[in-house]
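In what follows, a structure is listed as structure tokens, so that the remarks can point back to it.
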Amino acid sequence: MHTFGYRANALLTYALTILALMCTIASFSDNFNFPSPSAEIQVLNFNWFQKQPHGNDEVSLTMNITADLQSLFTWNTKQLFIFVAAEYETPQNSVNQVSLWDAIIPAKEHAKFWFQTANKYRFVDQGSNLRGKEFNLTLHWHVMPKTGKMLADKLVMSGYRLPEEYR
């Protein structure tokens, strides 16, 4: 009565509809996860704080980064992208963000860590605005799921101050 092509089309359409429904339910189930990540960043040393030849301030610092991000992982998490940013205000801009370090965490087993590192990327301000400046260090993360929308959040740690003089 029906040809092979009609039967194959009906079967494929049904299978893809079920797969789409399962992906939707799986993605929705992540809404019931309430993570509680924790992190602490300590500035151990300002390696150098100098004025570049063309007038910009540049800082190199050493940090201890301690974090437990395991609660961000669910069965639907593929990986985490994390980065540390320095955030401060200047007369020209109300918000300045400079990325200092980043990493990709591929599995829950690697999501609890402690290490000491210098900033991976240059901490440069356009101008001479950094002397004695207060700044925040913020740990940002992006949860990359296997299916569904990507989620982002952050932890802000305040109370840091740059040196008053160049070194």
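Along the sequence shown, residues carry numbers from 1. Worth saying up front: this structure is predicted, and the values here are computed from it rather than measured.
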Exercise. Within a strict 4.5 Å, meaning less than it, do heavy atoms of the L21 and T17 side chains meet?
Worked result: no
Exercise. Can you check whether T24 reaches F28 side chain to side chain, under 4.5 Å on heavy atoms?
Worked result: no
For this session: Please report the shortest heavy-atom distance between G55 and S128, naming the atom on each side.
Result: O-OG, 3.2 Å
Problem set entry | E134/R161 salt bridge by N-O under 4.0 Å criterion | yes
Exercise. Are there more than 12 heavy atoms of other residues, nucleotides or ligands under 6.0 Å from atom NZ of K112?
Worked result: no
Exercise. Is a side-chain N or O of T13 found less than 3.5 angstrom from the main chain of A10, in a donor-acceptor match?
Worked result: no
For this session: With the side chain counted from C-beta on, respond yes when F113 and I82 share a heavy-atom pair under 4.5 Å apart, and no when they do not.
Result: yes
Exercise. In terms of ring plane angle, is the pair F46 and F135 parallel, tilted or perpendicular, where the classes change at 30° and 60°?
Worked result: perpendicular
For this session: Please answer: with hydrophobic residues joined when any side-chain heavy atoms are less than 4.5 Å apart, are Y166 and Y160 in the same cluster?
Result: yes
Exercise. Taking atom CG of L162 and atom NZ of K133, what is their separation to the nearest 0.5 Å?
Worked result: 9.5 Å
Seminar exercise, completed: Tightest non-hydrogen contact, residues L61 and N47, listed as C-ND2, 3.6 Å
For this session: Kindly check if the number of other-residue, nucleotide or ligand heavy atoms within 6.0 Å of CZ (F4) is above 12?
Result: no
For this session: Take atom CD of Q126 as the centre, draw a 6.0 Å sphere, and report whether it contains more than 12 heavy atoms from other residues, nucleotides or ligands.
Result: no
Problem set entry | E87 and V95, any side-chain heavy atoms less than 4.5 Å apart | no
Problem set entry | 4.5 Å side-chain heavy-atom contact, F49 and V59 | yes
Exercise. CD of E165: more than 12 outside heavy atoms within 6.0 angstrom?
Worked result: no
Exercise. Do NZ/NE/NH1/NH2 and the carboxylate oxygens of D102 and K120 come within less than 4.0 Å?
Worked result: yes
Exercise. With no hydrogens and no angle check, do the side chains of N96 and T90 hold a donor and an acceptor under 3.5 Å apart?
Worked result: yes
For this session: Looking only at non-hydrogen atoms, find the nearest pair between L155 and A39 and report the distance.
Result: CD1-N, 3.7 Å
For this session: Decide whether W114 and V84 are clustered together by the hydrophobic rule: side chain heavy atoms of Ile, Leu, Val, Met, Phe, Trp, Tyr closer than 4.5 Å, transitively.
Result: no
Exercise. Going by atom types alone, do Y88 and N129 pair a side-chain donor with an acceptor below 3.5 Å?
Worked result: no
Exercise. Do L151 and I105 sit in the same hydrophobic cluster, where Ile, Leu, Val, Met, Phe, Trp and Tyr count as joined when their side-chain heavy atoms come under 4.5 Å apart?
Worked result: yes
Problem set entry | Close side-chain approach of W75 and K146, heavy atoms under 4.5 Å | no
Problem set entry | Sidechain-backbone polar pair: D68 side chain, Q70 backbone, donor-acceptor under 3.5 Å | yes
Seminar exercise, completed: Tightest non-hydrogen contact, residues H142 and F83, listed as NE2-CE2, 3.8 Å
Problem set entry | Nearest heavy atoms of N136 and G159, plus distance in Å | OD1-N, 4.2 Å
Exercise. Is it the case that N45 and T62 place a side-chain donor and acceptor less than 3.5 Å from each other?
Worked result: no
Exercise. Side-chain contact, heavy-atom cut-off 4.5 Å: L72 with D153?
Worked result: no
Problem set entry | F81 with F73, same ILVMFWY side-chain cluster at under 4.5 Å | no
For this session: Could you check if a side-chain atom of L100 sits within less than 4.5 angstrom of a side-chain atom of Y121, using non-hydrogen atoms only?
Result: no
